[in-house]
Amino acid sequence: MGFLNDLNPQQLEGVIYTQGPLLILAGAGSGKTRVITYRIAYLIGQQGVPPEQILAVTFTNKAAEEMKNRVLELLGDRARKVWISTFHSASVRILRREIQSLGYGQDFAILDTADQIRLVKECARELKINEELYDPKEMARRISELKNRLISPQAYAREAQAFGMEDKLAKVYSYYQSLLKRYNSLDFDDLLMMTVHLFETHPEVLHSYQRRFQHMMIDEYQDTNHAQYRLVRLLGEHGNVCVVGDDDQSIYGFRGADLGNILRFEKDYPQARVIRLEQNYRSTQNILDAAGAVVGKNQKRKAKRLWTQKPKGAHIQVCQVADEEAEAHYIGKTIKQIRVNGKWSYADFAVLYRAHAQSRALEEGLRDEGVPYRIVGGLRFYERKEIKDLLAYLKAIVYPEDDLSFKRILNVPPRGIGSGTVEKLEGYAKARGFSLFQAFTESVSAGLDQMGLTYAQRRGLTNLAGLLEEFKRLAANTSVAELLEIILKKTGYEQILQQEVAERASGEEGRSRLENIRELFSAVRIFEERFNCQDGIMKDETYYKHSVLAAFLDHVTLVTDSDQETQGATSGKGAVLMMTLHGAKGLEFPVVFMAGMEEGLFPHQSALTDTGQMEEERRLCYVGMTRTREMLYMVHVEKRRLYGSVQWNSPSRFIEEIPIELVKEVVWSDRSVRSVDGQSVSKIALSPIDHLPQLQEAGPFKKGIQVKHPVWGIGRVQEAEGQGEDQRVVVHFKTVGPKKLAVKYARLEKVG
DNA sequence: CTGCATCAGATTTTT
DNA sequence: TCTGATGCAG
Ligand SMILES: Nc1ncnc2c1ncn2[C@@H]1O[C@H](COP(=O)(O)OP(=O)(O)OP(=O)(O)O)[C@@H](O)[C@H]1O
């Protein structure tokens, strides 16, 4: 057990304290995740606990993947039997075995967020609710919120007002839930809610899982919501529960995360042991001080100590650029520059931002600069139209009652089945209590004559029925990739896209669709390969035994960041990672760029008026900063395009909250920005040497700071212009009032 | 029923 | 600015 030497005494205690509840409450980079990882290894390797008795829950798939890999490194293959997954994935695995007790079929479909909204819309329409007054999106959001608070439609109907939004919501929620049931489908939030429901109503099932999971560990416990909390309490009744978290890193308030869960832990488990980790192993002193100063501005927080043995390190580079294009080029050029000068490869850099919308400009800039990058998350791959279409075919094959998917493919690609035909089918279904799909099959085999359909409509329906039957037959003994290939050909989907590319001026779109489809193929192949060569535990599940396809569908709905697999395989050389600040949680990078550090963007507009939300934004900033091992760059843009109009932003308050002495400020401009006609000429006009960033140091005296003058004493900077030693400032002195000074001559000093 | 034109709304963050 | 939803003509 040599690996235990990699731990400090507090961490070691967390690892070997394996009986009874344990709370590890500690700041960023203090090795919380490492404790969980080593704890798993210790339980198995040292205490002889069977791997399948361990359940470790993380927050994102990426975090789960990483933890799995680390445990594999420590233990080798026997670690594969440990359940390391997100709450949602774990719930699916449980429900795939047990959901029959709740009256659902084992082969339930899982709706993603878009489907959720689609279904809510359908409900609203059916219930004749005015969609202008009651926005389906808003209702979907609130239903999700209710589910995360474990409030059933019945319970909500009892507490809701009998008019207005609450009344409509109660009706929609109830109808929505009944439709889900009819479609044998669960939405994302149901995965948690139904599992809780299952355990609460079926003690024998609960007991079997309690016995099975003798040891539970939950990472990022500060971000659990109520449903997740209930799951932990139910499964962890035996008390062998180890939770780790940091109240300063709570950033999922918007989806119901409740800090109270972690703060209440000692009350929930009175005999709980609490361990605090105070040594940070990740960041330099400067970064730690800066991040600490920022999060220290929050009123609502538990103070905690965090220290490091690392050197002070570089200053935090704060850089101002003109617009988002310049921002991207600055980042690209700086990466190239310090990669050459230093010891880093592209994979050591991360570009973090508040919202996905920022990624496009950054992406283009990096591409221009020839910097390899990889975007994590974003307009998610599996949410693209063409991908969803194809997946809907697969779903219609695997989930016979999933009308939502069936509806999607009914007329895709166009085959003459329009809204008229769909309505007729729906009427037919309703009259007989059938699902749409049943109605479809029935009416086709009955010859379609009862419904007054035209010849073309009948032909469309009959063709589709024939295709689906064929696909189903093939699905049983063909690989998913082959099946997809056949679907693509036989439905004419591929042909339509190819035609588009060949004929239209707008063939670009079709081309990119075809590319995405090709990417889907490679994702499918990689998945199948892994599945077949016995990697992981998915294969052990009886539900998946008969079907790689079923396993694949669960995989794509749960593991939404697809590029991990496809792109990871192609660009092994390493690439700069781009992702949102939320996505970066739990990860670390030697060099981090935080882009878009501007008021209104970060902190986000909607947080400006709400202290609670503002504190969450600040925590998010803290999370971002503490991802950094050595060099942290914060970039803010003066002028940002938004919906076509321009917005002038001032630097984020979070920048101002960093003690000035930890910061080095820079104003950057790309000398080649524009030629007369407004065309960007940077690539042609510049010789290689010019590609290095043109750094000019901003004067050290910023607006608002206190300064001391040898003669006039203490004053405050009111205006500042120019750069470096050419800076000129207007200082308002206590003794003599305002004075304009040149920094080069006046011997000013910063105070405080 | 399909294809094109016009217009509104979008970007907070995730499973 | 760009995308998608809706409405109208063919
Ligand atoms: N005892 C130790 N000795 C050396 N390095 C350590 C030690 N413990 C942790 N580290 C390193 O410190 C870094 C942070 O660890 P880890 O990710 O476990 O922290 P964390 O508390 O989960 O962080 P965060 O909450 O910020 O995500 C990792 O690079 C890890 O390898």
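Each chain gets a letter, A, B and so on, in the order the sequences are listed, and its residues count up from 1.
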Taking only nitrogen or oxygen atoms into account, show me every contact under 3.5 Å that the protein makes with nucleotides 3-10 of chain C, one pair per line with its distance.
none

Polar atom pairs (N or O), protein with nucleotides 9-13 of chain B, under 3.5 Å:
unit_1	atom_1	unit_2	atom_2	d
B:dT12	OP2	A:H604	NE2	2.5
B:dT12	O2	A:R354	NH1	2.8
B:dT12	O2	A:R354	NH2	2.4
B:dT13	OP1	A:H356	N	2.7
B:dT13	O4'	A:R354	NH2	3.3
B:dT13	O2	A:R354	NH2	2.7

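Tested against A:R301, the residues A:D247, A:D248, A:D246 include a single salt bridge (Lys or Arg N to Asp or Glu O under 4.0 Å) partner, A:D248. Tested against A:D190 for a side-chain hydrogen bond (donor to acceptor under 3.5 Å, both in side chains), the candidates A:K181, A:Q177, A:H197 yield a single pass: A:Q177.
By the 4.5 Å heavy-atom criterion applied to side chains, A:F654 and A:K297 are not counted as neighbours.
Under the 30°/60° scheme for interplanar angles, the aromatic rings of A:F440 and A:F406 are found to be tilted. Taking the six-membered ring where tryptophan is involved, the planes of A:Y353 and A:H356 are perpendicular, since the angle between them exceeds 60° and thus also 30°.
When heavy atoms are screened at a 4.0 angstrom cut-off, A:T113 is found touching base atoms of the nucleic acid. Here A:F59 lies in heavy-atom contact (under 4.0 Å) with sugar-phosphate atoms only. A:R415 comes within 4.0 angstrom of sugar-phosphate atoms only, judged by non-hydrogen atoms across all strands, and of no base.
Sorted by first and then second residue, the salt bridge (charged side-chain N to carboxylate O under 4.0 Å, His left out) pairs with a member in residues 252-261 of chain A read A:D258-A:R264; sequence neighbours excluded.
Put simply, CD on A:E364 is 10 Å from P on C:dC2, counting in whole angstrom units. To the nearest angstrom, C1' of B:dT2 lies 9 Å from CG of A:N411. Protein atom CG of A:D554 is 14 Å distant from nucleotide atom C1' of B:dT15, rounded to whole Å. Nucleotide B:dT15 holds its P atom 19 Å from the CD atom of A:E145, rounded to whole Å. Atoms CZ (A:R640) and C1' (C:dT1) sit 15 Å apart, rounded to a whole Å. Distance OH (A:Y382) to P (B:dT14): 18 Å, rounded to an integer number of Å. Atom pair A:E220:CD and B:dT15:C1' shows a separation of 14 Å (rounding to whole Å applied). Distance, A:D187 CG to B:dT14 C1': 14 Å, rounded to whole Å.
Residue whose closest nucleotide on DNA chain B sits further toward the 5' end, between A:D189 and A:T421: A:T421.
Using a 4.0 Å cut-off between a side-chain N of Lys or Arg and a carboxylate O of Asp or Glu, A:R125 and A:E122 do not qualify as a salt bridge.
How far CG of A:L192 is from OG1 of A:T224: 11.0 Å, rounded to the nearest 0.5 Å. Separating the OH atom in A:Y209 from the CD atom in A:E98 is a distance of 3.5 Å, to the nearest 0.5 Å.
Across C:dA5 and B:dT12, the matching C1' atoms stand 23 Å from one another, rounded to whole Å.
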